[in-house]
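Below is one structure, written out as structure tokens; comments come after it.
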Amino acid sequence: MSRTVTIEPVTRIEGHARITLQLGGGGEVEDARFHLTQFRGFEKFCEGRPYREMPALTARTCGICPVSHIIASNKACDHLLSVSIPPTGEKLRRIMNLAQMVQSHALSFFHLSSPDLLLGWDSDPVSRNIFGVMRQYPDLAKDGIRLRQIGQSIIETLGGKKIHPTWVVPGGVADPLTPEKREAMLRQLPEGLEIARRTYDFFKTLVPKFKDEASHFGTLPTMFLSLVTPQGNLEHYDGLLRIKDAQGRIVEDMVPPEDYERIIGEAVEDFSYMKFPYYKPQGYPKGIYRVGPLARLNNAQSCGTPYADVALAEFHMLQESGPIASSFHYHYARLVEIIYALEMMERLLKDPAILDHRVRARARSNRDEGIGVSEAPRGTLIHHYRIDDDGLITWVNLVIATGHNNLAMNQAIRQVADAYVDGNQLQEGMLNRVEAVIRCFDPCLSCASHAFGQMPLRIELKDAAGQVVDTLSRG
């Protein structure tokens, strides 16, 4: 007799989700699905708002990565204004975006995933968390907390607060940088880089211990999507879209972000509130691709900073040829990007022009449609707005970084379940591995919940004794 195993909630991720495994009569896995269960409606309730409110409004999508939405939203607003922002304004935006990379990647690696890597997949779930890491690896835990603090501190120094800063505005940034603030940020970067390099060196010693997991954790023959510079190097703030296939061939290159609809389609399924983006020329669901740090490093020819370029070369040595396929190595890629972000922030802050007072271009709306694309920690983020003659939003499409990975996450949990789950003798460690492959992607589900009204809804009204007295169903 077939049965369903439900993992709910999926732990140590941002947001609310469950995983269902459909087991056959012999205990074998017949199907696996990742369900985003929280409902939100940002794309809909933004309609009717003035476009200048969009950065602050869409930042409220998430408390972990608000800067990412602020950057993409303001880039869409820049497009509406038809302006090129002053070079110093762009550099200051880049610094804030890189600080977001540092704090978010540190949260993912140290707080959410390191308990599996350091304490073991089969360890007691009561202690398999950041507090267990603090007890057994106190120095590493302190490093993780300090590294995230540095990223958050730089965001606060620039934007006035750590969460939902409104300093980035349409046309640039609200205020120029003062010498005092520049020095305050520069003082923190050497310590941050020391922590990042120390953690990276330590993690390299762990990688050989996880060969089995690396061979089963989402080793999918997918494409990879990210922004790159015109030279094909690592890019987070601006750039052009590149897609590589599983063999490393470039199938789309130097695509202007405004043309994203030519290559990216979006599908919906009735088991999740998250959309399913796909590569249009291959159709759905065949057009599966991944985004995020793994995709960015697979697509980049170089990082452009000293230590990060060495780390990138070592990253590419994980596989003899072609892109790095295993989703397990998202962890490795995050550490490389932290090193890059810290090095690049120091370079930008030491540029004498960073103190220039011309940081904002002012204009009224000159287009009725605007598209902003940047790289969030979890991958390529797209904000697409349409406005009326009064500058009010008439339509919004948000293609969220986590959403790009939706097809890949569903295939990854099936692969891990096939490799580790035995329905005849279920053990907690088996199911933790299924959860752990989702943590490799570091999904931000609050951001990704935007498919309006797709998932069946059932509401039960219960009396004081807990008995169902009425139900309301949709779908």
Side-chain angles (χ1 to χ4, degrees), residues 6-19 37-38 62-66 99-153 155-156 162-163 188 191-192 194-207 209-210 213 217 293 327-328 330-335 337-338 377-378 402 413 416 420 426-447:
T6 301
I7 305 172
E8 187 173 26
V10 180
T11 58
R12 284 185 275 133
I13 61 171
E14 194 288 326
H16 305 285
R18 70 170 177 267
I19 293 170
T37 57
Q38 64 189 107
C62 181
I64 301 297
C65 48
Q100 166 70 20
M101 290 284 168
V102 171
Q103 71 89 7
S104 181
H105 282 350
L107 174 67
S108 174
F109 180 81
F110 289 94
H111 294 70
L112 305 182
S113 290
S114 74
D116 295 321
L117 303 172
L118 300 175
L119 307 179
W121 316 99
D122 302 296
S123 59
D124 185 351
V126 173
S127 58
R128 194 177 58 223
N129 48 51
I130 186 60
F131 298 104
V133 173
M134 289 177 180
R135 285 189 288 270
Q136 295 194 37
Y137 298 86
D139 291 338
L140 186 138
K142 290 177 184 176
D143 279 350
I145 293 169
R146 176 58 179 149
L147 193 57
R148 184 162 190 257
Q149 183 185 36
I150 289 171
Q152 291 288 74
S153 175
I155 292 170
E156 183 179 28
K162 298 174 183 177
I163 301 175
Q188 300 179 75
E191 180 188 2
E194 181 183 351
I195 292 172
R197 293 182 63 192
R198 181 165 62 238
T199 305
Y200 171 75
D201 289 338
F202 172 69
F203 182 72
K204 285 192 297 182
T205 68
L206 294 180
V207 171
K209 301 177 182 179
F210 297 111
E213 286 77 13
F217 273 35
S327 296
F328 179 83
Y330 268 100
H331 302 310
Y332 199 123
R334 283 187 192 97
L335 295 177
E337 285 202 323
I338 290 174
R378 291 150 186 86
T402 293
I413 60 171
V416 173
Y420 294 104
L426 279 176
Q427 299 176 18
E428 192 277 336
M430 297 176 182
L431 303 182
N432 183 45
R433 285 174 172 83
V434 178
E435 288 187 74
V437 75
I438 295 297
R439 295 183 202 116
C440 292
F441 292 91
D442 186 29
C444 187
L445 301 180
S446 294
C447 294

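Side-chain atoms are counted along with the backbone in the values below, which use heavy atoms only and exclude waters and symmetry mates. What you see is a predicted model; the values in this text were computed from it and never measured.
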| Once you round to the nearest 0.5 Å, how far does CG of Leu118 lie from CG of Leu206? | 6.5 Å
| field | Intermediate values then yes/no, side-chain contact (heavy atoms from CB on, under 4.5 Å), Asp122 and Asn432 | value | CA-CA 8 Å; Asp122 302 296; Asn432 183 45; over 6 Å; no
| If you take all heavy atoms of Ser114 and Val133, which pair is closest and at what distance? | OG-CG2, 3.7 Å
| cation_pi(Arg433, Tyr420) dist<6.0 Å, angle<=45 | yes
| Quick check: does any side chain N or O of Gln100 sit under 3.5 Å from a backbone N or O of Ile64, one acting as donor and the other as acceptor? | yes
| query | Taking the side chain as C-beta and beyond, is there a heavy-atom pair between Pro9 and His16 under 4.5 Å? | reply | no
| message | Heavy-atom count check: over 12 atoms from other residues, nucleotides or ligands less than 6.0 Å from Lys142 NZ? | response | no
| task | Report yes or no: do Ser104 and Arg378 form a side-chain donor-acceptor pair below 3.5 Å? | result | yes
| query | How long is the span from the NE2 atom in His331 to the CG atom in Leu112, to the nearest 0.5 Å? | reply | 10.0 Å
| Identified side chain to side chain donor-acceptor pair (under 3.5 Å) partner of Arg12 from the options Asp442, Asp116, Asn129 | Asp116
| task | Mind checking the CE-SG spacing from Met101 to Cys65? Nearest 0.5 Å is all I need. | result | 10.0 Å
| task | Report yes or no: does Ser127 contribute a side-chain atom to a donor-acceptor pair with the main-chain N or O of Gly132 at less than 3.5 Å? | result | no
| field | Residues in ring-ring contact (aromatic ring centres under 6.0 Å, His included) contact with Phe210, at least two apart in sequence or another chain | value | Trp121, Phe328
| said: What verdict does the side-chain contact (heavy atoms from CB on, under 4.5 Å) test give for Leu117 and Phe203, after you've listed the backbone C-alpha separation in whole Å, the side-chain angles of each residue and the deciding distance to 0.1 Å? | reply: CA-CA 9 Å; Leu117 303 172; Phe203 182 72; 3.9 Å; yes
| Atom pair CD (Glu8) and CD1 (Ile19), whose distance is rounded to the nearest 0.5 Å | 10.5 Å
| field | Considering all heavy atoms, the nearest Ile13-Val10 contact | value | CG1-O, 3.6 Å
| Pairwise distance OG1(Thr199) to CG(Leu147) - rounded to 0.5 angstrom | 7.0 Å
| Quick one: are Pro443 and Ile438 in side-chain contact, heavy atoms under 4.5 Å? | yes
| request: Grab the two heavy atoms, one from Ser446 and one from Gln38, that are nearest each other, plus how far apart they are. | output: OG-NE2, 3.4 Å
| field | Pairing residues for Glu156 by the side chain to side chain donor-acceptor pair (under 3.5 Å) criterion, not counting sequence neighbours | value | none
| said: Check whether Arg128 reaches the backbone of Ser123 with its side chain - one donor and one acceptor, N or O, closer than 3.5 Å. | reply: yes
| said: With a 6.0 Å cut-off (strictly less than), is the heavy-atom count around CZ of Arg146, excluding the residue itself, greater than 12? | reply: yes
| note | Closest non-hydrogen contact found for Thr402 with Cys444 is OG1-N, 2.8 Å
| said: Could you measure the distance from the CD1 atom of Ile150 to the CD1 atom of Ile145? Nearest 0.5 Å is fine. | reply: 12.5 Å
| request: Taking all non-hydrogen atoms of both residues into account, name the closest pair between Phe110 and Pro115 and its distance. | output: O-CD, 4.0 Å
| message | Could you walk me through whether Asp201 and Arg198 satisfy the salt bridge (charged side-chain N to carboxylate O under 4.0 Å, His left out) test, starting with their C-alpha distance in whole Å, then the side-chain angles of each, then the deciding distance to 0.1 Å, before giving a yes or no? | response | CA-CA 5 Å; Asp201 289 338; Arg198 181 165 62 238; over 6 Å; no
| said: Check this for me: Phe202, atom CZ, are more than 12 non-hydrogen atoms of other residues, nucleotides or ligands nearer than 6.0 Å? | reply: yes
| said: Between Ser113 (side chain only) and Phe109 (backbone N and O only), is there a donor and an acceptor less than 3.5 Å apart? | reply: no
| Can you name the nearest heavy-atom pair linking Val437 to Ile413, along with the distance? | CG1-CG2, 3.7 Å
